[in-house]
Amino acid sequence: MTVSNEISTRAAQLREQLNRHSYRYYVLDTPEIPDAEYDRLFQELREIEAAYPELIAPDSPTQRVGGKPLDAFTPVRHALPMLSIRTETETGGAAAFDAQVRRRLELGSDAPPVDYVCELKFDGLAINLRYENGLLIQAATRGDGETGEDVTANVRTMKTVPLKLLGAAPEVLEVRGEAYMSRPDFERYNARQRAAGQPTLVNPRNGAAGSIRQLDPLLTAQRPLSFFAYGLGETRGWIVPATHSAVLDALAAWGLPVNNERRVAHGPEDLMAFYHDVAAQRDALPFDIDGVVYKINRLDWQQRLWRQQQRSNLLAREPHWAVAHKFPAQEELTVVEAIEVQVGRTGALTPVARLKPVFVGGVTVTNATLHNADEVARKDVRVGDTVIVRRAGDVIPEVVSVVLERRPAEAQPFVMPERCPVCGSHIVHPEGESIVRCLGGLSCRAQRQEAIRHFASRRAMDIEGLGDRLVEQLVERDLVRSPADLYALSEGTLAGLERMAAKSAANLVAALENSKTTTLPRFLYALGIREVGVATANALATQFGTLEALMAADEERLQQAPDIGPVVAKAIRAFFQEPHNQDVIARLQAAGVCWPDPVRPSVESQQLAGMTFVLTGTLESMTRDEAAELLRVRGAKVSGTVSKKTHYLVVGSDAGSKLDKAQKMGVAVLNEAELRAMLGMGSRE
Ligand code: IVH
């Protein structure tokens with residue numbers, strides 16, 4: 001049967017449309033049509049191809065997952081070697097690199113600053129993509145730099161990799177970049193594996209490496225990978241631009257994913273600013289990076305350095321025109337010295353690994369939470385084990401996995417105690433929950449201690465000077481049995497405690513006095529009612545206006561407040577019905593705790609709910625993390641990248657590419673004073 005012109009034209013049209021939509025969806029993140037419409041077009045093309053297999057083209061989106069499993073990967077000799085990159089870990093790495101570049105280019109001290117392109121250092125796997133006349137014809141791993149492996153079938157499954165370049169393409173274009181697994185894809189994959197009782201991935205990097213090296217492309221397709229382009233290999237039939245930044249722009253125009261967090265820096269100060277900017281946002285990115293990369297922007301200068309270098313060492317592999325400036329590692333190996341069980345405010349028993357101190361994520365870590373008994377069992381963490389510890393940003397350090405090869409022969413599986421390790425009470429393990437709890441309530445010293453610590457904390461009654469050690473002593477000596485007892489403490493009693501001078505005792509009494517005048521939301525949060533966090537405390541105060549009205553509300557009334565469901569309503573009701581709690585509240589009020597201004601929400605309301613903010617540059621009155629926290633407690637979302645969904649970009653000094661992007665996209669820009677006004681903080685003077 002010969003294919004009519006009409007059908008083959010339609011097939012070509014569908015291919016073109018589908019590829020364009022998938023580019024908009026996966027690369028630009030601005031889909032134009034709903035998923036269902038995409039699926040319909042895809043189905044139509046499938047049907048045509050099923051009827052007329054001769055119409056199946058290599059750039060057809062139906063061909064992303066195809067072919068049979070391989071027996072082995074074929075070696076691929078790279079047309080140009082794939083180089084590695086020198087790593088710098090010192091804070092002064094940027095300045096040292098710039099000084100070397102200037103010396104090697106023989107630039108005098110009066111020569112203008114060198115232009116560099118700053119990029120992210122993606123934590124995945126280097127890949128070379130070869131396009132001939134616009135079509136993806138081969139993808140290879142780096143291998144030893146000279147010879148890699150042919151992973152074309154697997155790379156074709158990656159939705160961000162175009163099968164066909166947009167617009168006019170050169171005869172040969174080799175694109176180099178990183179295949180990686182995004183954090184959400186990693187989490188989703190692991191959740192699915194866990195549910196199926198299958199092994200999970202240790203981290204996204206291993207996920208990417210394992211996925212690329214699957215012999216069955218069907219398996220690769222189930223472990224979704226993404227791609228960022230950052231350089232060139234061989235090219236033919238293209239006049240390569242004069243700068244690396246123009247090369248990246250050209251790649252982006254061909255439809256290749258080039259990460260937006262890149263900028264041209266003029267001299268070493270700009271490099272450092274980029275380094276700090278990216279470090280601050282690292283944890284907000286949806287993928288792992290392990291640093292930033294600086295590259296000389298002028299390609300003729302890159303080549304000059306490379307030739308110069310090869311004259312003295314033909315085997316050179318790390319060109320002098322680039323350097324990777326690494327961040328502190330977020331994962332390290334250490335040894336579990338003990339597993340202890342902590343009792344929290346609500347009686348939850350949490351196993352905690354005591355670790356041989358290890359420097360990770362920028363701090364020395366000695367403890368890592370093991371969450372609960374199920375988690376310990378799943379990871380099978382034992383005393384004596386060598387483990388991978390991860391600390392990302394301000395997140396509590398956690399044990400990722402055990403290095404089984406290093407397990408000592410005598411290591412025993414961990415078992416949860418049968419009684420509370422603090423008070424000896426019985427333990428309950430509610431059906432279907434992974435948490436076990438001590439039944440001791442406030443008779444358990446650990447629970448008392450945590451309740452008081454919570455009561456005094458910053459977002460609750462904010463009692464300055466009442467630190468953990470002090471709370472511990474007060475509870476241990478039975479000076480404080482409930483939060484109400486705090487207000488009966490005298491300077492004399494306090495001065496008798498360890499590490500408590502008369503002056504600090506007086507300060508603490510003053511701080512206690514000070515804390516008495518508070519707000520209703522703070523007070524509600526301070527009570528430590530299960531399920532009631534800052535946001536819920538706010539909602540309750542707004543809904544009920546007074547403590548009396550709230551205490552009188554039944555579960556049905558409670559559920560009328562925004563975001564309060566049956567579980568929370570039940571917990572609140574149970575708390576206020578308990579005579580002991582009623583007594584504590586009465587005593588606190590008798591001691592003078594009050595909230596004279598019921599409307600002013602000093603525990604912030606959710607006034608910014610639904611808004612997305614991006615922060616960039618250096619702020620004067622707070623760090624970006626602090627600003628993000630202030631926004632978040634008001635219900636806003638804080639994201640790392642400017643997109644169509646961004647409502648406001650907050651700019652400090654030295655704002656970079658984000659500001660340009662926001663302006664191009666018409667996103668509203670706030671300065672620090674405007675941000676403070678929006679947060680209800682007033683101006684600084
Ligand atoms: S450029 C000479 N740029 O880091 C420069 N590499 O050894 C060649 N990497 O595994 C590499 N992000 O895949 C370059 N923005 C980036 C990068 C990057 C990650 C990886 C690369 C390779 C290693 C360098």
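Both ligands and their constituent atoms are indexed starting at 1 by order of listing. The structure presented is a predicted model; accordingly, all values stated were derived computationally and were not measured.
Close N/O approach between S84 and ligand 1 is not found [any backbone or side-chain N/O within under 3.5 Å]. By the 3.5 Å distance cut-off applied to N or O atoms, G177 is not counted among the residues near ligand 1. Every N/O-N/O distance between P319 and ligand 1 stays at or above 3.5 Å. In terms of N/O distances under 3.5 Å, ligand 1 is approached by I85. Looking at R142 next to ligand 1, no N or O pair under 3.5 Å apart turns up. Close N/O approach between K121 and ligand 1 is found [any backbone or side-chain N/O within under 3.5 Å].
The aromatic rings of F122 and Y230 sit parallel, their planes meeting at an angle under 30°, below the 60° perpendicular limit. Using the six-membered ring where Trp is involved, Y116 and F97 have ring planes that are tilted, between 30° and 60° apart.
Looking at R282 and D277, no side-chain N of the basic residue comes within less than 4.0 Å of a carboxylate O on the acidic one, giving no salt bridge. Salt-bridge annotation for E331 and R390: present, with a side-chain N of the basic residue lying under 4.0 Å from a carboxylate O of the acidic one. A salt bridge is defined here as a Lys NZ or Arg NE, NH1 or NH2 lying under 4.0 Å from an Asp or Glu carboxylate O, and D283 with R391 fails to meet this definition. No salt bridge links R407 with E405; every basic N to acidic carboxylate O contact stays at or beyond 4.0 Å.
Here the protein heavy atom with the shortest distance to atom 9 (N) of ligand 1 is E178 OE1, 3.6 Å. For atom 11 (C) of ligand 1, the closest non-hydrogen atom of the protein is Y230 CE1, 3.9 Å. Given atom 10 (O) of ligand 1, the protein heavy atom at minimum distance is A126 CB, 4.0 Å. What sits closest to atom 1 (S) of ligand 1 on the protein, heavy atoms only, is K295 NZ, 3.4 Å.
Here D123 has no heavy atoms under 4.0 Å from ligand 1, in either its backbone or its side chain.
Proximity annotation for atom 12 (N) of ligand 1: of Y294, W321, F122, F122 comes nearest, heavy atoms only.
The distance from ligand 1 to the heavy atoms of E119 drops below 4.0 Å at these ligand atoms: 3 (N), 15 (N), 16 (C). Atoms of ligand 1 lying under 4.0 Å from at least one heavy atom of L83, given by number and element, are 8 (C).
Counting heavy atoms from C-beta on, the side chains of I85 and V323 never come closer than 4.5 Å.
For the salt bridge (charged side-chain N to carboxylate O under 4.0 Å, His left out) test with D288, the passing option among R205, K121, R183 is R183; the others fail.
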(request) Would you sort out whether H266 and D115 count as a side chain to side chain donor-acceptor pair (under 3.5 Å), showing the intermediate values? (result) CA-CA 5 Å; H266 313 288; D115 278 0; 2.7 Å; yes
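Ligand 1 is never approached by I127 to a heavy-atom distance shorter than 4.0 Å.
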